[in-house]
Amino acid sequence: NHNRITVLGSFVADLAFRVDRLPARGETILGPSFVLGPGGKGSNQAVAAARSGGHVSFITKLGRDPFGDIARKLYADEGIDTGHVYEATVPTGAAAILIDAASGDNAIIVVPGACFTITTDEVDAARELIAGSSVLMAQLELPLEIVEHGLALARSLGVATILNPAPAAALPEHLYQLADYITPNESEAEALTGVAVVTLADAERAADVFLARGVKNAIITLGAQGAFVKNATMSAHVVALDAGAVVETTGAGDAFNGGLAVALTEGLPLEAAVRFGCATAAISVTRPGTAPSMPHRAEIDCLLASHAGTTTQPATA
Ligand code: ATP
């Protein structure tokens, strides 16, 4: 399928505990609520892309355990191809997320587990799949050598690559040359370029650093300010869309990347593709949760139609 999107990334089970305050060392406290759900940036982005209209395959590795089964059921429900979801001998990863209900502060432990044991041979086994895709999308929640291997394979096959550099990690210079699109948020852009992104001019300076390193298209997401996009021939500030009251922004970046991948696969011009990503994310922030908050295509089209012609501004360089 020429419109296929292949995501190479992580799955972990998110265990979110709401507490009245974070516990001190050695202390046990009772909390009011607990939610278990699917997480991991790769998995969230695969769900976002599938719901926003993409034909999605996900390459990851899961344990043979109940957390792995949560992922398998999710992909079955969302129509995500799992032909290259491998089985690990170690348990599926998990994130313990402690949320201070009063302040909103959190403390998080992520154990990547099974997905982190994926091998370069297993990536190579997906060669045919990647060759038949129009986009390969990866994040930084797998070992760097795996990410690099996947991007290099896609590039060698003439398949466009999206690198969402999250969570931020120091990247070797040649990795940038393997990215057709890079999609950091403000803090990731700062960590990778040294440019503190506060204003649009800052976003442009950070984008210029990525372009100078060999990225073809730099897209910096700016939270409620939307996104800034630049390549050799254009730059634009795409304003965020308003889809209603903001409930929870967790997963906004994942929604953006999933939507962006779909729009690029469908051949939208870059600025319109970024706008589609912003629309996908704008709806996700009006809902609780990460994967469950991802919108379906009809909702995105409806939001875009209601904002027609009002949300893109040329960058003021
Ligand atoms: P998170 O870590 O919360 O998942 P992120 O930090 O990776 O998100 P952001 O830059 O905060 O990513 O947001 C990604 C995209 O989501 C933005 O480009 C924007 O289009 C959209 N977005 C974020 N916050 C809002 C908001 N309050 N209103 C509308 N759109 C938003």
Kindly work out whether a path of hydrophobic side-chain contacts (I/L/V/M/F/W/Y, heavy atoms less than 4.5 Å apart) joins [X] to [Y].
X      : Y      : value
Ile99  : Ile108 : yes
Leu15  : Val90  : no
Val195 : Val229 : no
Leu211 : Leu270 : no
Leu22  : Phe34  : yes

Exercise for review: Please test Val12 against Val111 for side-chain contact (heavy atoms from CB on, under 4.5 Å), starting from the C-alpha separation and ending with a verdict.
Suggested key: CA-CA 8 Å; Val12 296; Val111 178; over 6 Å; no
Donor-acceptor pair, distance only, cut-off 3.5 Å: does the side chain of [X] make one with the backbone of [Y]?
X      : Y      : answer
His237 : Gln225 : yes
Thr290 : Gly39  : no
Arg51  : Met294 : yes
Ser10  : Lys41  : yes
Ser133 : Leu129 : yes
Thr221 : Gly223 : no
Thr92  : Ala114 : no

If I take atom [atom1] from residue [X] and atom [atom2] from residue [Y], how far apart are they, to the nearest 0.5 angstrom?
X      : Y      : atom1 : atom2 : result
Ile130 : Arg155 : CD1   : CZ    : 13.5 Å
Ile59  : Met137 : CD1   : CE    : 12.0 Å
Asn257 : Ile219 : CG    : CD1   : 8.0 Å
His296 : Asp301 : NE2   : CG    : 13.0 Å
Ile118 : Glu145 : CD1   : CD    : 11.0 Å
Glu148 : Thr120 : CD    : OG1   : 11.0 Å

Could [X] and [Y] be called an ion pair, given the rule that one side-chain N must be under 4.0 Å from one carboxylate O?
X      : Y      : result
Asp180 : Lys216 : yes
Arg72  : Glu87  : yes
Arg64  : Asp69  : no
Asp202 : Arg205 : yes
Lys73  : Glu78  : no
Arg297 : Glu266 : yes

May I ask you to test the [X]-[Y] pair for a side-chain heavy-atom distance under 4.5 Å?
X      : Y      : value
Asp100 : Asn106 : no
Leu178 : Leu163 : no
Thr82  : Phe58  : no
Val56  : Asp81  : no
Thr280 : Phe256 : no
Thr250 : Ser293 : no
Leu142 : Leu8   : yes
Ser103 : Arg21  : no

Looking only at side-chain N and O atoms, does [Y] offer a donor or acceptor that is under 3.5 Å from a partner on [X]?
X      : Y      : result
Tyr176 : His174 : no
Tyr75  : Ser43  : yes
Thr183 : Asn164 : yes
Asn185 : Ser187 : yes
Ser134 : Arg4   : no

Practice item. Decide yes or no on salt bridge (Lys or Arg N to Asp or Glu O under 4.0 Å) for Arg287 and Glu248, but give the supporting numbers first. Key: CA-CA 6 Å; Arg287 299 172 180 168; Glu248 192 193 302; over 6 Å; no
Minimum-distance pair of heavy atoms, taken over all atoms of [X] and [Y]:
X      : Y      : value
Phe210 : Ala218 : CB-CB, 4.0 Å
Ala189 : Ile220 : CB-CG2, 4.1 Å
Ala282 : Ala243 : O-CB, 3.6 Å
Lys230 : Ser235 : CG-CB, 3.8 Å
Gly42  : Val7   : O-CG1, 3.6 Å
Val197 : Ala206 : CG2-CB, 4.1 Å

Review point. What's the verdict on side chain to side chain donor-acceptor pair (under 3.5 Å) for Asp124 and His149, showing C-alpha distance, side-chain angles and the deciding distance?
Key: CA-CA 8 Å; Asp124 284 337; His149 197 80; 2.7 Å; yes
**Study point:** Derivation and outcome, side chain to side chain donor-acceptor pair (under 3.5 Å), residues Thr119 and Asp121
**Key:** CA-CA 5 Å; Thr119 65; Asp121 284 348; 5.2 Å; no
**Study point:** Evaluation steps, side-chain contact (heavy atoms from CB on, under 4.5 Å), between Asp77 and Leu74
**Key:** CA-CA 5 Å; Asp77 289 348; Leu74 176 69; 5.6 Å; no
Check your understanding: Checking side-chain contact (heavy atoms from CB on, under 4.5 Å) for the pair Leu153/Leu136: CA distance, chi angles, key distance, verdict?
Key -> CA-CA 10 Å; Leu153 178 58; Leu136 177 89; over 6 Å; no
Review point. Is there a side-chain contact (heavy atoms from CB on, under 4.5 Å) between Leu303 and Ile283 once you walk through the steps?
Key: CA-CA 8 Å; Leu303 179 64; Ile283 298 169; 3.8 Å; yes
